[in-house]
J.: 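If you scroll down you'll find the structure; I have some questions about it.
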Amino acid sequence: MKRSRFTEEQIIGILWEQEAGVATAEVCRRHGVSSATFYKWKAKFGGLNVSEARRLKALEDENARLKRMLADAMLDNVALKDLLGKKVVTPAGYREAAGHLQAAYEMSERRACRVLGVDRTSVRYQATRPDDGALRDRLKALAQDRRRFGYRRLHVLLRREGHAVNRKRVQRIYREEQLTVRRRGGRKRAMGPRRPLDLPLAPNQRWSLDFVADQMTDGRRFRILTVIDNCTRECLALVADTSLSGARVVRELDAVIRQRGRPDTIVSDNGTEYTSNAVLAWADDTGVGWHYIAPGKPQQNGFNESFNGRLRDELLNETLFRSLPHARAVLEAWRRDYNEQRPHSKLGWLTPQAYAEALTGHIGRPAALVGGCADRPLANPADHSSDQPRTLVMAG
C-alpha cells in the first residue's frame, strides 16, 4: 500500500486549521490535497489530538501484526494437515516433507523446518552411502521367497551367501523396501510369569508331539502329526492324513526310532490318540517314558507349540493344498528346509541339523554370525519315567 506523505501529526494540524475557521478549499489548496482526501482524514482523525492519533497508529500496527501471525499459524496448520498419512518419522521422510512444503506452499526452508520441528542440518544432509543395488535386489528376492522371515533371519541368509553386510544396513534396506512381515491377528492371551521348561542335555532325551489341522482346496480337512526333538529343535516327522489314530501314531514313532534311535521321554497333551491302549502298550513295550501335560496348559508343551506356530505362519497360511499327496510332499520339503537351511534364533542362528551335529561332535561347530553361538543346555534333573499308570484296558 502507498504510504501517505503526511504524518499523523501533520494531518491533525491540517484538520485543526479547518476547525479554526479557514475554508476547506483554502486548506486543501495550501497543502496540495484533494477535498476527498481531506474528508477521509476527517472521518479517521476528526476530534483526536496527537497522542491519541499515535495510539491509534500503534493499535493499527499491532492489529496488522496479529493478523499476519494468525495467517501464518493457519497456513502452518493447513500444511501439517496435508502431511497426514505421510511417513515423516525418518530423516529421509523429513527431507521429503520439507521439500513438499516448499513447493506446495512456497515456504522457505527455515519455515518448513520450523513447522516440522526438525533441524535444518538434517534436512540439508546428503547421504553418501555406497551403492547397494545388488544387495537390495537379493534381499527383496529372499524376502519374496521367505515371506515370513524378518530382517534378522534374512541377514543370516545373506551372510551365508557371502555378503559382508552388518545387521543395521540390512534393517535399513528392509524398512525402505517395506518388507516388514505383516502381523496376523490372534486371540488375546493372558500375560504373566511362566516357568521355563527344563532343557534336555542331548538329542533324543525328550521328544514332543502335537497335532495341527488344516484343509485342502476342496474343503476336506486333514491333520498333521508333528514330532520335535526338544534339545536340537529338529523336526523329526510331519505326518499328514485325514485320520490319525493311536495305532498310526505308534507306527510313525517306530519309523522315526529306526532312523534316529529311541527317546528317553515323550511329551504330549491328553488327546485320545495319546491316551489310547495302543500308545500305552507301546510305551510299556519300548520303555519310553510318556509325560502328559496338565489339561488346559499348552505352555507345558511350549517347544512344540512354538514350532506349530512357525509351521502355520510360514507354510500352512501361505500354501493351498490340492490333495493329500501334494500336502505330504510340501510338508516333507519344508521339514528338510527347516532342519537344514532355516536359521534358528534360539540356536545362535544355527540350523537345527548343524546344532545337533555340533552337540554330537560329528563336525566342528560352524558360526552363523561372527562370534555367534547358542547357549549350551544346563544340566537339569529329568525324570525319564512315565507319569501315567501302565494299566492297560484289554479289548474283548
J.: Just how far is it from atom CG of L154 to atom CD of Q171, taken to the nearest 0.5 Å?
T.: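 One gets 12.0 Å once the value is rounded to the nearest 0.5 Å.
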
J.: Evaluate the side-chain proximity of V267 to R206: yes if any heavy-atom separation is below 4.5 Å, no if none is.
T.: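 The answer is yes; the side chains approach within 4.5 Å.
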
J.: Quick one about S268 and N301 (side-chain donor to acceptor, distance below 3.5 Å, no hydrogens or angles considered), yes or no?
T.: no

J.: Same cluster for F211 and L253 if Ile/Leu/Val/Met/Phe/Trp/Tyr side chains link at under 4.5 Å?
T.: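 Yes, one cluster joins them.
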
J.: Under a 4.0 Å threshold between the charged nitrogen and the carboxylate oxygen, would D337 count as salt-bridged to R146?
T.: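 Judged by the 4.0 Å cut-off on N to carboxylate O distance, R146 and D337 do form a salt bridge.
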
J.: For L116 and A98, work out which heavy atoms get closest and say how close.
T.: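 That would be CD1-N, 3.7 Å.
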
J.: Is R147 atom CZ crowded by more than 12 heavy atoms from other residues, nucleotides or ligands, each under 6.0 Å away?
T.: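 12 or below, so no.
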
J.: Kindly write out the residues that satisfy ring-ring contact (aromatic ring centres under 6.0 Å, His included) with W282, not counting sequence neighbours, or none if the list is empty.
T.: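 For W282 there are no ring-ring contact (aromatic ring centres under 6.0 Å, His included) partners, ignoring immediate neighbours.
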
J.: Would Q353 and T351 count as having a side-chain donor-acceptor pair, cut-off 3.5 Å?
T.: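 T351 and Q353 do not have a side-chain donor-acceptor pair below 3.5 Å.
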
J.: How about I224 and L316: do any of their side-chain heavy atoms sit closer than 4.5 Å?
T.: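 Contact flag for I224/L316 side chains = yes.
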
J.: Taking the inter-plane angle between the rings of W290 and Y274 on a 0 to 90° scale, is it parallel (under 30°), tilted (30 to 60°) or perpendicular (over 60°)?
T.: tilted

J.: Measure the spacing between CD of E314 and CD of E318 and express it to the nearest 0.5 Å.
T.: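 The CD atom of E318 is 9.0 Å from CD of E314, to the nearest 0.5 Å.
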
J.: To the nearest 0.5 Å, tell me how far D72 CG sits from R68 CZ.
T.: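 These two atoms lie 8.5 Å from each other.
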
J.: Provide the closest heavy-atom pair for C28 versus F38 in the form atom of the first, atom of the second, distance.
T.: SG-CB, 3.8 Å

J.: Does CZ belonging to R262 count more than 12 external heavy atoms closer than 6.0 Å?
T.: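 Check passes, neighbour count above 12.
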
J.: Mark yes when over 12 heavy atoms from residues, nucleotides or ligands other than L70 sit less than 6.0 Å from its CG; otherwise mark no.
T.: yes

J.: Once side chain to side chain donor-acceptor pair (under 3.5 Å) is applied, do any residues pair with Q215, and if so which ones, sequence neighbours excluded?
T.: none

J.: How about Q341 and R160: do any of their side-chain heavy atoms sit closer than 4.5 Å?
T.: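 They are in side-chain contact.
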
J.: Test your reading of the model: is there a side-chain donor-acceptor pair from N339 to the backbone of C235, 3.5 Å cut-off?
T.: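 Side chain of N339 to backbone of C235: a pair is present.
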
J.: Which pairs, with at least one residue in residues 286-298 and sequence neighbours excluded, count as a salt bridge (Lys or Arg N to Asp or Glu O under 4.0 Å)?
T.: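 Qualifying pairs: none.
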
J.: List in chain and number order the residues that pass side chain to side chain donor-acceptor pair (under 3.5 Å) with R322, two or more places apart in sequence or in another chain; answer none if no residue qualifies.
T.: none

J.: According to a hydrophobic-cluster definition based on side-chain heavy atoms being under 4.5 Å apart (Ile, Leu, Val, Met, Phe, Trp, Tyr only), do W349 and L157 belong together?
T.: no

J.: Could you check whether any side-chain N or O of R221 sits under 3.5 Å from a backbone N or O of A213, counting only pairs where one atom can act as donor and the other as acceptor?
T.: no

J.: Among P352, S208, S306, exactly one meets side-chain contact (heavy atoms from CB on, under 4.5 Å) together with I228. Which residue is that?
T.: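 Exactly one pass, corresponding to S208.
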
J.: Is it true that atom CD of E106 has more than 12 heavy atoms of other residues, nucleotides or ligands lying nearer than 6.0 Å?
T.: no

J.: Do I14 and V27 come close enough that some side-chain heavy atom pair is under 4.5 Å?
T.: yes

J.: Before you tell me yes or no, could you show the steps for L179 and Q144 under side-chain contact (heavy atoms from CB on, under 4.5 Å), namely the whole-Å CA-CA distance, both residues' side-chain angles and the distance that decides it to 0.1 Å?
T.: CA-CA 9 Å; L179 302 175; Q144 180 66 25; over 6 Å; no

J.: Rounded to the nearest 0.5 Å, how far does CZ of R29 lie from OG1 of T24?
T.: 13.5 Å

J.: The criterion is side chain to side chain donor-acceptor pair (under 3.5 Å); which residues satisfy it with D210, sequence neighbours excluded?
T.: N308

J.: According to side chain to side chain donor-acceptor pair (under 3.5 Å), does anything in residues 240-252 pair up with another residue at least two apart or in another chain? List the pairs.
T.: D241-R248, D241-R328, R248-E252

J.: CZ/R233 to CZ/F303 distance, rounded to the nearest 0.5 angstrom?
T.: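 R233 atom CZ to F303 atom CZ measures 4.5 Å (nearest 0.5 Å).
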
J.: If you define the side chain from C-beta out and look only at heavy atoms, does anything of L158 sit under 4.5 Å from R138?
T.: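 Result yes, sub-4.5 Å side-chain heavy-atom pair found.
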
J.: Do R260 and N204 get their side chains close enough for a donor-acceptor pair, meaning under 3.5 Å?
T.: yes

J.: With sequence neighbours left out, what residues match R152 under salt bridge (Lys or Arg N to Asp or Glu O under 4.0 Å)?
T.: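 By the salt bridge (Lys or Arg N to Asp or Glu O under 4.0 Å) rule, R152 matches no residue at all.
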
J.: Give the C-alpha distance, both sets of side-chain angles, the deciding distance and a yes or no for side-chain contact (heavy atoms from CB on, under 4.5 Å) between D119 and C113.
T.: CA-CA 6 Å; D119 190 80; C113 293; over 6 Å; no

J.: What about V22 and I11, same hydrophobic cluster or not, with Ile/Leu/Val/Met/Phe/Trp/Tyr joined at side-chain heavy-atom distances under 4.5 Å?
T.: yes

J.: Taking only residues two or more places apart in sequence or in another chain, which ones pass salt bridge (Lys or Arg N to Asp or Glu O under 4.0 Å) with R312?
T.: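 Partners of R312 under the salt bridge (Lys or Arg N to Asp or Glu O under 4.0 Å) test: none.
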
J.: Please give me the minimum heavy-atom distance between V165 and L135, naming the atom from each residue.
T.: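 Shortest heavy-atom contact: CG2-CD2, 3.7 Å.
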
J.: Please check if L331 and V239 belong to a single hydrophobic cluster, counting links between Ile, Leu, Val, Met, Phe, Trp and Tyr side chain heavy atoms closer than 4.5 Å.
T.: no

J.: Hey, mind stepping through F149 and L142 against side-chain contact (heavy atoms from CB on, under 4.5 Å) and telling me if it holds?
T.: CA-CA 9 Å; F149 278 17; L142 284 175; over 6 Å; no

J.: Can you name the closest pair of heavy atoms from E234 and A356 and give their distance?
T.: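 For E234 versus A356, the nearest heavy atoms are OE1-CB, 3.5 Å.
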
J.: Under the ring-ring contact (aromatic ring centres under 6.0 Å, His included) test, which residues partner F307, sequence neighbours left out?
T.: W334, Y338

J.: Contact between D214 and F222 at the side-chain level, heavy atoms closer than 4.5 Å - yes or no?
T.: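 With C-beta onward as the side chain, the pair touches.
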
J.: Are any non-hydrogen side-chain atoms of R153 and S345 less than 4.5 angstrom apart?
T.: yes

J.: Evaluate side-chain contact (heavy atoms from CB on, under 4.5 Å) for L280 paired with T275, printing each intermediate quantity in order.
T.: CA-CA 7 Å; L280 294 177; T275 58; 5.9 Å; no

J.: Taking all atoms of both residues into account, what is the closest heavy-atom pair of I173 and L139, and its distance?
T.: CG2-CD2, 3.8 Å

J.: Any non-hydrogen side-chain atom of C231 less than 4.5 Å from a side-chain atom of L359?
T.: yes

J.: Do other residues, nucleotides or ligands put more than 12 heavy atoms under 6.0 Å from the CZ atom of R110?
T.: no

J.: Return the set of residues passing salt bridge (Lys or Arg N to Asp or Glu O under 4.0 Å) with D76 (not counting sequence neighbours), or none when no residue passes.
T.: R111

J.: Which residues satisfy the side chain to side chain donor-acceptor pair (under 3.5 Å) test with R136, sequence neighbours excluded?
T.: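 If we apply the side chain to side chain donor-acceptor pair (under 3.5 Å) test to R136, skipping adjacent residues, the hits are D132, E176, E177.
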
J.: Examine V156 and V181 and state if one hydrophobic cluster contains both, with Ile, Leu, Val, Met, Phe, Trp and Tyr joined whenever side-chain heavy atoms are less than 4.5 Å apart.
T.: no

J.: Got a second to check how far L225's CG is from L209's CG, nearest 0.5 Å?
T.: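 Going from the CG atom of L225 to the CG atom of L209 covers 6.0 Å.
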
J.: Please name all residues satisfying salt bridge (Lys or Arg N to Asp or Glu O under 4.0 Å) with R65, sequence neighbours left out, ordered by chain then number.
T.: E62

J.: For T360 versus P203, what's the shortest heavy-atom pair and its separation?
T.: CG2-CG, 4.1 Å

J.: Do the charged groups of R223 and E273 touch, with an N to O distance under 4.0 Å?
T.: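 Salt bridge between R223 and E273, a charged N being under 4.0 Å from a carboxylate O: yes.
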
